[in-house]
Structure formats: C-alpha cells, structure tokens
2 protein chains.
Amino acid sequence: MDDLETRELRYFVAVAEELHFGRAAERLGIAQPPLSRAILQLERRLGVKLLDRDRRGAALTGAGEVLLREARTALDAVAAAARRTRQAADPGRPLVLVTKAGASHELLRDLLDAAETPVEVLLCEVGEQAHRLRDGQADVAVMHRPYDDLAGFETQDLHVEGQVAIVPATHPLAARESVTLAEVSDVPGLPIARWPRLDGTYPDGPGPEVRTQSQLAQLVALGLTLLVIPASSRAWQWPEHVAVPVVDAPDVTTVLAWPPGSPVGPLVRAARRRFLVADGSA
Amino acid sequence: MDDLETRELRYFVAVAEELHFGRAAERLGIAQPPLSRAILQLERRLGVKLLDRDRRGAALTGAGEVLLREARTALDAVAAAARRTRQAADPGRPLVLVTKAGASHELLRDLLDAAETPVEVLLCEVGEQAHRLRDGQADVAVMHRPYDDLAGFETQDLHVEGQVAIVPATHPLAARESVTLAEVSDVPGLPIARWPRLDGTYPDGPGPEVRTQSQLAQLVALGLTLLVIPASSRAWQWPEHVAVPVVDAPDVTTVLAWPPGSPVGPLVRAARRRFLVADGSA
DNA sequence: GAAGCCTAATACCCGCCGGGTATCAGGACT
DNA sequence: AGTCCTGATACCCGGCGGGTATTAGGCTTC
C-alpha cells in the first residue's frame, strides 16, 4: 500500500478546514483544479469518500473527520522531525519553554532561577501549548492537570493547589468562608464562561464565549462571569472581587511537560531539586 | 520553510537503519544514485549533516539520530492516518486488540466475554504493542504498567497484582516464603535476562540476551535465568520451578491502552463494568 | 605500490506527475 | 432562461524523481 505524502495531507487539511476548494487552493498558493485532482486522487487511493461535494462547497464525511484529526497530528509529527533535527545540530540553543499567559509568575520565576541552562520563554494562548510541543516549536511546557491535555508527554509535578472562585465583592457568595462546585456552577446572573473546544466550536450554555485570557479578564472585571481558578492565580484579583475557596474542586497540579526525547534533563533535575524537596515554600 | 515529504523520511530511515546506501536502495526498490541524491537534498534542506560518509558505509551524526527517532514516529503517524481513515469508512469492522504473548489468558478471556462488540485479537512480541497502536494496526492494547511505554495513550486500569520470582525448585531461594528485589537481582549463577532496548542494542550485564518470550521460556526451563513476573503469569510455571513472592517489587497494573480517538468506547465501558466493580474475582 | 574492490557521488537522460490555464457541468439564485 | 457560484475535466508544460553509466576516493591485497 503506497504511503500518503505530506503534500496530500496538507492539501486535505486545507480543504477540510475551509470546506471550500477555491479558498483552500488560494491558501495553499495553488490553483483550484490541481487541488480538486489531488483530493480525488487521495480519495481513490484510500478507497474512501472524504468529502460530500455540494453546490455550496464541501462537507466532511465521517472518514473525512477522522483523516482531518489524524492528518493534523501526522503533519505536526513531520514538522517536529524537521525542527528537532535542526535544533539537534545547534547544541548551544536555549531550551524553549512555553506557558500560557496568566500562569503563576512566581512559580515560573523560581523555575527559571533554579535552571542553570538558558531558557527562552514563549507565551501562547490556552490550549496551544500541547500543539507547540507536538510540532517542535517548544521543548517543554508548564501546564496544569487536569485542565490541559497531557497525552503523549512525560511530566514532572511542580506544585499542587486548590481552587478558588472569583466573585464580585457585592455578591452574596463573597461573604462565604468556602463554597462548593455545585453552588458556583449555577449562579443566576453569573454564568461560567465557555471556552472553545479543540475544533473551535463552543459548548452550549448560558455563559459568555471567550477565546483568550484577556477577554476573560475583561468579563471578570465587568462582573459578568464567575471564575474558578487555581488559588495562586492572583493575576485575576482586583479590589472589586473576592476569592472564595471551592472545597470540592479537584486540585490543580502545575506540571512540567515535554515530549519523549526532549533535551530537558537539566531543567527537570533543577525542577526536582527546587520543587520536590519543599513544595510549600512558594 | 518547505515541509519534508514522507518519501524523504522513508528514504532516510532506510539509510539510517542499513547504514549503507546500496543496501538501503535495494530495500527501497530504487537505485543507489537517486537515494544518495535524495539524502543530500534532505541534508541541504535541513541545513544539517545527518550522516558521516565513510569508506565502509555511513554513520549517524547526533542530528541524524534525532531525525531517525522523529522520522519513525512521524511515519507511524502518517500510516495511522491512512489506516484509521480507511477503517472509519467500515463501521462493521471488529476492534483490533493487540497484546503480547504470555499475558494473562484469564483476564483477556474475561475482557472478551464482557465486550459486546466483536474484537479481533492480534498477538505480537514484547515492545511491539505501542508501535502497532501508533501506526493504526491496532485500536487498543492490553499492556502493563510500569513495564510498557504508555506515553500518548489513554488508559483504563484492569487489574493490579504483585510480582513473583521464578526460581529452580532446587535453588535455596525456592524454600523462602518471600524475597526482596535486592536478593534476586544478584543471584550467583542465576542472572536476570536482558531485553533489547528500543534501538535493538542490549544493556550491559551478566544475563543472557533475549528477544522473545519463547526464548525466555527456553532459558527458564533450562534453569539458566531468573524471572520476576506478575503473579498471574502462570504460563511460566513448570513443575521444576517455584514462584516466590517478591515483597518490594512494584505492583504491576494490567491496563487497556488506546490512542486518543480510537473507537473503543464500548470495550472500555465493558471493561469498567467487569473489572472496576470487582477486581478480586478472577 | 599498482590492481582491484567497494563505497558514495556525479553526469546525464527520460518519463511521469504536479501545476498551470481554459473550459465544462450543474444547482441556486435572480 | 440567464447568471453566478460551485467543483470537475481537458489539456499542456516544466521540474523532479528515477534510471544507467561513470567517476572519485580509500582500503585491501598481493
């Protein structure tokens, strides 16, 4: 069985994302007819119909959705192969650590201080870290269990903490010593914000849709949404808000995560020395 | 930066494995000059020297070793994309479960009985399961923590058990109620067998080298090696041998493992019903 | 040390295939 | 019916991947 070529996968991903051959071709920098031909050839080769062509464009079949997911990870793996190979030839290069905006500055500062190796910090949006690791743009990430997808990575726990709810100071809940998840999950007028899923769509619900930490910060400042976050995320605490511990929320573990083979040995050893021995010191 | 093509990766992997352009070309079914040209082009494109050419063939550089590892996983991902897409178009297809020869028959039998969906069982050698999962040849595997590499897979624990040492009935240790790891790790004349690493080389040590379960069975039967295995692996117990519990060996967890997105929902639910509620019933 | 070999690299040609433009086909709006 | 959108087809061309023949260099061998 002849293997697929990355070109075919790139073409298919473009069409599957645009759901429109013309736009996909434009994005790829080629003309529409060769793209149509390539996709048809891909379907013939797999023996599977990937797209339902329609007068108004195209729609993914079930098999097409599978291929879209698989092709993305495969293309990430190919891109990672190129990046990591180039980097392997450059031994003096600093480690690239990726983290999301809004993570604990203190912990990151401690980590960087403890590392003897040069570390370059790359900030990205929520949910992007795993992608940066998978395609080789970063060597290691600071992530949070159970929120982030850690599948496929080796990890080193750094810190465990409870979560607090951020509520307006004027709200009845603000006076409480602690609250439960059930109590904050359905507060009238203070719905929890909804984050996009991996495919870009939003789950149903009453809360506002947010894509970025800064959008969320805005909404919290306006008192339009309620937030359950790790206790150390003080970045969100304005004078108008109160943090109330959520007793039954799962603990959040801040972890260092890296793909197998990443040259993070020195950093991980430093992290172990710094955080394993005394993790209540921060 | 233009992406790599899978053809280039396949070519490089062949050369890196053979360390000889002529043999690699033969394996690939092409002539040697185009292969040389392709590798040179790959090196130019990456801007990295991958191989040290020598009068006697070729040797991998550091960057070459990185690319070999990365290319293998990338090619697995591409192959998986093709396989899983084809399978997605065939909804009636049975799940393919891969396990290593020598795993507990009872547990597997229970699992298959509990599953309502058709399941096809594929046996393979130790260390091969992860590969089969990664390149889409199988949907789900029965593996063992901490022995098997579970990175990148979702898992469902099935069973936890201690380990026993298998020793000749005539050996002094056979009379013991229990032993410790330290006691069995350095028994004169009864060294522990050595398994190959992922790259095919063997760690140093006094024990015999083994590649397959059957080779190991042979050695155990001859009384030439000592074995520490999960207590349920009765396949190894002949009359001439005695199983002695190893008190401080880490527990072995038999787990169901599958790559994200694998259509294993029904099987996993069946496994939960069967093993989570009463896991001491086997 | 010249001959012979074994390696990988180079030279050169050819045919295929991926890309281009022009055009067609068909359904949904005018 | 005409128009406009979609994707598919027809056809041509150039580049590149593949082939054979040969070169270049180093080790063995006598």
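Just so we're clear, the structure is a prediction, and the values are computed from it rather than from any experiment.
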A:Asp149 with A:Arg134: basic N within carboxylate O range, under 4.0 Å: yes
Check this for me: B:Gln156, atom CD, are more than 12 non-hydrogen atoms of other residues, nucleotides or ligands nearer than 6.0 Å? yes
Which parts of residues 23-36 of chain B get close to DNA chain C, meaning a heavy atom less than 4.0 angstrom away? B:Gln32, B:Pro33, B:Ser36
Will you find, in the side chains of A:Glu65 and A:Thr61, an N or O donor that is under 3.5 Å from an N or O acceptor? no
Roughly how many Å is it from CD in A:Glu43 to C1' in D:dA8, rounded to a whole number? 12 Å
Between A:Arg53 and D:dA8, is there a contact of a side-chain N or O with OP1 or OP2 at under 4.0 Å? yes
Taking NZ, NE, NH1 and NH2 as the nitrogens, is one of them in B:Asp52 or B:Lys49 under 4.0 Å from a carboxylate oxygen of the other? yes
Whole-Å gap separating C1' (C:dA9) and CG (B:Asp52): 16 Å
Here the distance between atom P of D:dC11 and atom CZ of A:Arg37, to the nearest Å, is 13 Å
d(CD1, A:Ile39; C1', D:dT6) in whole Å: 16 Å
Just so I know, are the side chains of B:Pro263 and B:Asp139 near enough to count as touching, which here means a heavy-atom distance under 4.5 Å? yes
Kindly give the heavy-atom pair with the smallest separation between B:Arg69 and A:Pro260, and that separation in Å. NH1-O, 3.8 Å
Check ion pair B:Asp135-B:Arg72 (N to O, under 4.0 angstrom): no
Atom-pair distance (NZ on A:Lys49; P on D:dA8), nearest Å: 11 Å
Rounded interatomic separation in angstrom, taking CG from A:Leu42 and C1' from D:dG7: 16 Å
Rounded to the nearest angstrom, tell me the gap between atom CZ in A:Arg45 and atom C1' in C:dG18. 12 Å
Just one of A:Arg7, A:Arg10, A:Arg83 clears the salt bridge (charged side-chain N to carboxylate O under 4.0 Å, His left out) bar with B:Asp3, so which one? A:Arg10
Remember a base hit wins even if backbone is also touched, and classify B:Gln41 as base, sugar-phosphate or nothing at under 4.0 Å, heavy atoms. sugar-phosphate
Is the shortest side-chain N to carboxylate O distance from A:Glu8 to A:Arg37 below 4.0 Å? no
Within residues 7-22 of chain A, which residues have any heavy atom lying less than 4.0 Å from an atom of DNA chain D? A:His20, A:Phe21, A:Gly22
Taking CG from B:Leu40 and C1' from D:dC16, how many angstroms apart are they, rounded to a whole number? 16 Å
